[in-house]
Amino acid sequence: MASPVEQFTVKPIVPVVSDGGNLPFYAFTNSAAAMVAAILVALVFFWLATRRLSLVPGRWQGVGEVAFEFVANMIRENVGREGMRYFPFILTLFLFVFLGNMLGMLPYSFTFTSHIAVTAALAIVIFLAVTVIGFARHGLGYLHMFFPHGAPLATAPILIPIELISYLSRPFSLSVRLFANMTVGHIMLKVLAGFVVALGIVGGFVPFVVVAGITVLEFFIAGLQAYVFTILACIYLNDAINMH
């Protein structure tokens, strides 16, 4: 029986010449294929949603408008109307993570959001973008982020290091949260599915019911983690635009 962690192995789809057993950077892997699949699903979805626009929305247009409003409301509630200029980025971020999580739930697929390299890359892009926006809008005044307004000056030696560590830990916590949730969930499903196979039709009935229930829960968690990842990006963007 395959190891529960084997499902996370990055493998080349197109044969390439490896160097010392390592995949070259140009290799097209199952992880890259999963990312391309997520992008293609998003493109097809919005093509279907916008190809026949009408005042009374059809099925696909209605779903597209729901997705649009869901992300737009997320930005308005957590950033304000000024945050709507960053709507394309936030929508792309949400769909990329959401589809990566959901497509990874399909049999024989690959969950690229279960790799820390992917989630860390997304988190670092968000962190750098938010930092650049903060300094672009407020100049050196953005440094007030690390010393709350109205705090006694005597507390600066304590508050500034705490706020600085908290700020610099954002990409770490953002990436680990998504990576850990998706990895643990898939490992648990693989282990329990192994019990179903090992115990047979009769003995594996109870584990099968448990696996079915956990699978439904994992679909919910996959959507929730995409929401949490995006909402935290909005909160960080709000700090850069409005400060705290």
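In this text, all values refer to a predicted model and were calculated from it rather than measured experimentally. The first residue in the sequence is number 1, and the count goes up from there.
Both F219 and M188 sit in one connected hydrophobic cluster of ILVMFWY residues. Membership requires side-chain heavy atoms under 4.5 Å apart, directly or through other members. In the hydrophobic clustering of this structure, F89 groups with F135; members are Ile, Leu, Val, Met, Phe, Trp, Tyr whose side-chain heavy atoms approach within less than 4.5 Å, directly or through other members. Grouping the Ile, Leu, Val, Met, Phe, Trp and Tyr side chains by contacts below 4.5 angstrom, directly or via other members, places V44 with L106. I160 and I162 are members of different hydrophobic clusters when ILVMFWY side chains are connected at heavy-atom separations under 4.5 Å. Note on L40: it clusters hydrophobically with F28, by side-chain heavy-atom contacts below 4.5 Å among ILVMFWY residues.
Looking only at distances, a side-chain donor or acceptor of S109 sits under 3.5 Å from a matching main-chain atom of G104. In terms of modelled atom types and a separation under 3.5 Å, the side chain of S31 and the main chain of F112 share no donor-acceptor contact. Of the possible polar contacts, one joining the S173 side chain to the R170 backbone as a donor-acceptor pair under 3.5 Å is found. Counting only distance, with no hydrogens or angles, the side chain of H138 and the backbone of I241 share a donor-acceptor pair below 3.5 Å. A donor-acceptor pair is defined here as one N or O able to donate and one able to accept, closer than 3.5 Å; no such pair exists between the side chain of N30 and the backbone of F110. No donor-acceptor pair under 3.5 Å is formed between the side chain of T155 and the backbone N or O of I158. Within the 3.5 Å criterion, the main-chain N or O of S175 finds a donor-acceptor partner in the side chain of T119.
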- Query: Please walk me through it: do L189 and I214 pass side chain to side chain contact (heavy atoms under 4.5 Å, CB included)?
  - Reply: CA-CA 7 Å; L189 283 176; I214 293 179; 3.5 Å; yes
- Step by step, would you call F96 with T113 a side chain to side chain contact (heavy atoms under 4.5 Å, CB included)? CA-CA 9 Å; F96 186 71; T113 49; 5.9 Å; no
- List the steps, then state whether side chain to side chain contact (heavy atoms under 4.5 Å, CB included) holds for L174 with F127. CA-CA 10 Å; L174 192 61; F127 175 78; over 6 Å; no
- Item | Chi angles and distances behind the side chain to side chain contact (heavy atoms under 4.5 Å, CB included) call for E163, M145 | CA-CA 8 Å; E163 291 290 337; M145 279 279 297; over 6 Å; no
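For residues 27-36, there are no salt bridge (charged side-chain N to carboxylate O under 4.0 Å, His left out) pairs, not counting sequence neighbours. Within the structure, ring-ring contact (aromatic ring centres under 6.0 Å, His included) pairs that include any residue of residues 31-55 do not occur (at least two apart or interchain). Applying the salt bridge (charged side-chain N to carboxylate O under 4.0 Å, His left out) rule to pairs touching residues 118-141 yields E82-R137, sequence neighbours excluded. Each ring-ring contact (aromatic ring centres under 6.0 Å, His included) pair with one or both residues in residues 57-77, not counting sequence neighbours, appears once here: F68-F87, F70-F94, F70-Y227. Contacts classified as salt bridge (charged side-chain N to carboxylate O under 4.0 Å, His left out) and involving residues 219-238 (residues at least two apart or in different chains) are not found.
L232 CG to L178 CG: the interatomic distance, rounded to the nearest 0.5 Å, is 10.5 Å. L159 contributes atom CG, which lies 12.0 Å from atom CG of L164 (distance to the nearest 0.5 angstrom). Considering CD1 of I90 and CG of N78, their distance stands at 10.0 Å, rounded to 0.5 Å. Interatomic distance, CD1 of I126 versus CG of L93, reported as 4.5 Å (0.5 Å rounding). Atom CG of L224 is separated from atom CD of E218 by 11.0 Å, given to the nearest 0.5 angstrom.
Annotation: side chain of T183 is in contact with side chain of F8 (closest heavy-atom distance under 4.5 Å). By the 4.5 Å heavy-atom criterion applied to side chains, V130 and D239 are not counted as neighbours. Inter-residue side-chain proximity for V97 and Q225 is flagged as unmet; no heavy-atom pair is nearer than 4.5 Å. Proximity of N181 to V228: side-chain heavy atoms (C-beta onward) are nowhere separated by under 4.5 Å. Using a 4.5 Å heavy-atom cutoff, the side chains of R177 and M182 are not in contact. At a threshold of 4.5 Å between non-hydrogen side-chain atoms, the residues V211 and F208 do not count as touching. Using a 4.5 Å cut-off on side-chain heavy atoms (C-beta onward), T230 and F98 make no contact.
Every side-chain hydrogen bond (donor to acceptor under 3.5 Å, both in side chains) that Y167 has, sequence neighbours left out, goes to T131, Y142. Listed by chain and residue number, N73 satisfy the side-chain hydrogen bond (donor to acceptor under 3.5 Å, both in side chains) test with R76 (two or more places apart in sequence, or in another chain). Taking H186 as the reference, T111 meet the side-chain hydrogen bond (donor to acceptor under 3.5 Å, both in side chains) condition, with sequence neighbours excluded. Partners of Q61 according to the side-chain hydrogen bond (donor to acceptor under 3.5 Å, both in side chains) rule, which considers only residues two or more places apart in sequence or in another chain, are E65. Residues passing the ring-ring contact (aromatic ring centres under 6.0 Å, His included) test with Y236, sequence neighbours excluded: none.
Shown here is R51, whose CZ atom has more than 12 heavy atoms of other residues, nucleotides or ligands within 6.0 Å. By the 6.0 Å contact criterion, CG on L168 is enclosed, its count of non-hydrogen atoms from other residues, nucleotides or ligands being greater than 12.
M105 and T215 make their closest contact through CE-O, 3.9 Å (heavy atoms, listed as atom of the first residue, atom of the second, distance). Considering all non-hydrogen atoms of both residues, P157 and L153 come closest at CD-O, 4.2 Å. When every heavy atom of A123 is checked against every heavy atom of P171, the shortest pair comes out as CB-O, 3.4 Å. Across every non-hydrogen atom of I13 and A33, the tightest pair is CD1-CB, 3.4 Å. Among all heavy-atom pairs drawn from L91 and A67, the shortest one is CD1-O, 4.5 Å. Nearest heavy atom pair, residue C234 against residue V79, reads O-CG2, 3.2 Å.
Think of I116 as one node in a network of Ile, Leu, Val, Met, Phe, Trp and Tyr side chains linked at under 4.5 Å; its network also takes in F172, V176, F179. Cluster partners of V132, using a side-chain heavy-atom cutoff of under 4.5 Å among ILVMFWY residues and allowing indirect links: none.
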